[in-house]
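Sharing a structure, written as structure tokens. Questions coming.
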Amino acid sequence: MLTMKDIVREGDPVLRQVAKEVPLPANKEDIQTLQKMLEFVINSQDPDLAEKYELRPGVGVAAPQIGISKRMFAIHVTDEQDQLYSMGLFNPRIVSHSIEETHLEGGEGCLSVDRDIQGNVPRYSRITVKGTNLNGEDVTLRLRGLVAIVFQHELDHLNGIMFYDRIEGFQDKLKKDLPNLHA
Ligand code: UDB
Ligand code: ZN
């Protein structure tokens with residue numbers, strides 16, 4: 001099973017790469033990897049397993065976060081209407097989105113980031129996502145609220161984007177505080 005030891009941390013170049021499309025139909029290895037990622041997020045929300053294996057309770061994980069630069073992620077999250085979204089997706093993409101934006105109150109974190117970073121991360125309020133699930137079926141999902149935010153966070157990982165890249169003024173603050181690194 002996957003544990004926090006398998007999670008790549010910021011600074012690893014794989015988190016900044018644009019991940020490659022998964023050839024479909026997915027081969028056994030890619031399906032097995034995605035199943036393990038889904039198992040990891042499910043396990044991480046089980047209080048006993050989380051304590052035993054020191055897992056951070058996660059709502060999603062993208063393949064680059066386990067060092068695999070492929071376009072796939074797993075999520076396990078319950079929305080505001082108590083509906084569970086538990087799935088692995090190959091080659092997910094946003095096909096349409098609202099103009100309206102939202103953000104998670106209290107900001108975002110990341111399994112690959114071991115520090116607290118404050119600031120609102122702007123996200124689309126509503127998105128329509130297409131992808132292929134673990135059964136090889138094409139799926140179309142219309143999402144809003146927390147689930148839409150989790151999908152956008154994981155999709156960003158497939159494009160080498162970290163949540164703090166989207167915090168207004170965060171890049172500027174880094175330049176100011178670390179002039180030599182960012183000159
Ligand atoms: C998470 N969990 O899993 F608003 F019920 C985060 C960690 C990094 C804090 C473990 C999280 O945000 N849980 C959460 C949030 C809520 C309500 C609730 C549970 N991730 C996944 C990740 O890093 N994937 O790459 C970070 C989230 C920040 C916003 C969406 C994903
Ligand atoms: Zn993340």
Side-chain angles (χ1 to χ4, degrees), residues 1-19 33-94 97-98 101-127 129 131 141 143-168 170:
M1 66 175 267
L2 297 174
T3 67
M4 293 305 293
K5 286 202 302 307
D6 299 295
I7 301 291
V8 161
R9 305 306 156 91
E10 57 176 334
D12 191 309
V14 72
L15 291 175
R16 289 310 193 173
Q17 285 164 13
V18 177
T33 301
L34 189 52
Q35 275 169 341
K36 280 187 168 188
M37 289 163 54
L38 181 56
E39 180 198 59
F40 168 79
V41 280
I42 293 171
N43 287 348
S44 78
Q45 292 182 35
D46 179 306
D48 296 330
L49 289 174
E51 190 187 317
K52 184 169 177 198
Y53 297 107
E54 297 182 17
L55 307 175
R56 283 178 83 186
V59 287
V61 67
Q65 292 182 278
I66 57 167
I68 297 173
S69 195
K70 293 185 179 180
R71 304 190 75 82
M72 55 192 198
F73 65 65
I75 70 148
H76 186 78
V77 59
T78 302
D79 74 7
E80 294 82 347
Q81 279 75 242
D82 264 6
Q83 188 173 335
L84 175 66
Y85 289 78
S86 185
M87 68 185 79
L89 279 185
F90 296 107
N91 302 331
R93 61 198 186 278
I94 294 178
H97 62 79
S98 61
E101 294 188 333
T102 186
H103 58 265
L104 215 53
E105 217 53 59
E108 295 188 12
C110 181
L111 291 167
S112 298
V113 177
D114 291 323
R115 56 191 175 126
D116 272 318
I117 297 175
Q118 308 293 322
N120 291 337
V121 182
R123 301 292 188 187
Y124 299 125
S125 297
R126 296 173 299 281
I127 56 174
V129 174
L141 303 158
L143 307 171
R144 57 190 303 144
L146 175 63
V147 179
I149 291 173
V150 176
F151 268 78
Q152 289 172 79
H153 178 111
E154 305 311 336
L155 273 162
D156 270 353
H157 279 305
L158 307 185
N159 293 322
I161 298 168
M162 301 295 286
F163 71 93
Y164 46 78
D165 298 345
R166 298 190 180 279
I167 297 176
E168 203 184 330
F170 191 74

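Keep in mind the model is a prediction, meaning the values are calculated, not measured. Just so it is clear, the values below take in all heavy atoms, side chains as well, and ignore hydrogens, waters and symmetry mates. Counting starts at 1 for both ligands and their atoms, following the listed order.
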* Heavy-atom closest pair, residues P92 and V129 ->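 Where P92 meets V129 most closely, the heavy atoms are CB-CG1, 4.3 Å.
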- Message: Are Y85 and H76 packed together at the side-chain level, in the sense that at least one heavy-atom pair is separated by less than 4.5 angstrom?
- Response: no
Would you please test S112 and Q65 for side chain to side chain donor-acceptor pair (under 3.5 Å) and show each step?
CA-CA 7 Å; S112 298; Q65 292 182 278; 3.0 Å; yes
Should F40 and I66 count as side-chain neighbours, where that means a heavy-atom distance under 4.5 Å?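 No, side chains not in contact.
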**Prompt:** Is it the case that R123 places NZ or CZ above or below the six-membered ring of F151, under 6.0 angstrom from the centre and within 45 degrees of the axis?
**Reply:**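 No - R123 does not lie over the ring of F151 by the 6.0 Å and 45° rule.
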With a cut-off of 2.8 Å, how many protein N, O or S atoms neighbour the Zn ion (ligand 2)?
->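 Of the protein's nitrogen, oxygen and sulfur atoms, 3 lie under 2.8 Å from the Zn ion (ligand 2).
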Would you say that more than 12 heavy atoms from the other residues, nucleotides or ligands in this model lie under 6.0 Å from the CD of E80, or not? yes
**OP:** Below 4.0 Å from any atom of ligand 1, which residues have a heavy atom? Give them in chain and number order, please.
**Re:**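 Near ligand 1, by chain and number: R56, P57, G58, V59, G60, Q65, L104, E108, G109, C110, L111, L146, V150, H153, E154, H157.
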Before you tell me yes or no, could you show the steps for Q83 and V147 under side-chain contact (heavy atoms from CB on, under 4.5 Å), namely the whole-Å CA-CA distance, both residues' side-chain angles and the distance that decides it to 0.1 Å? CA-CA 10 Å; Q83 188 173 335; V147 179; over 6 Å; no
- Query: Between the main-chain N or O of H97 and the side-chain N or O of R126, is there a donor-acceptor pair closer than 3.5 Å?
  - Reply: no
Taking every heavy atom of S44 against every heavy atom of G58, the minimum-distance pair comes out as OG-N, 2.8 Å
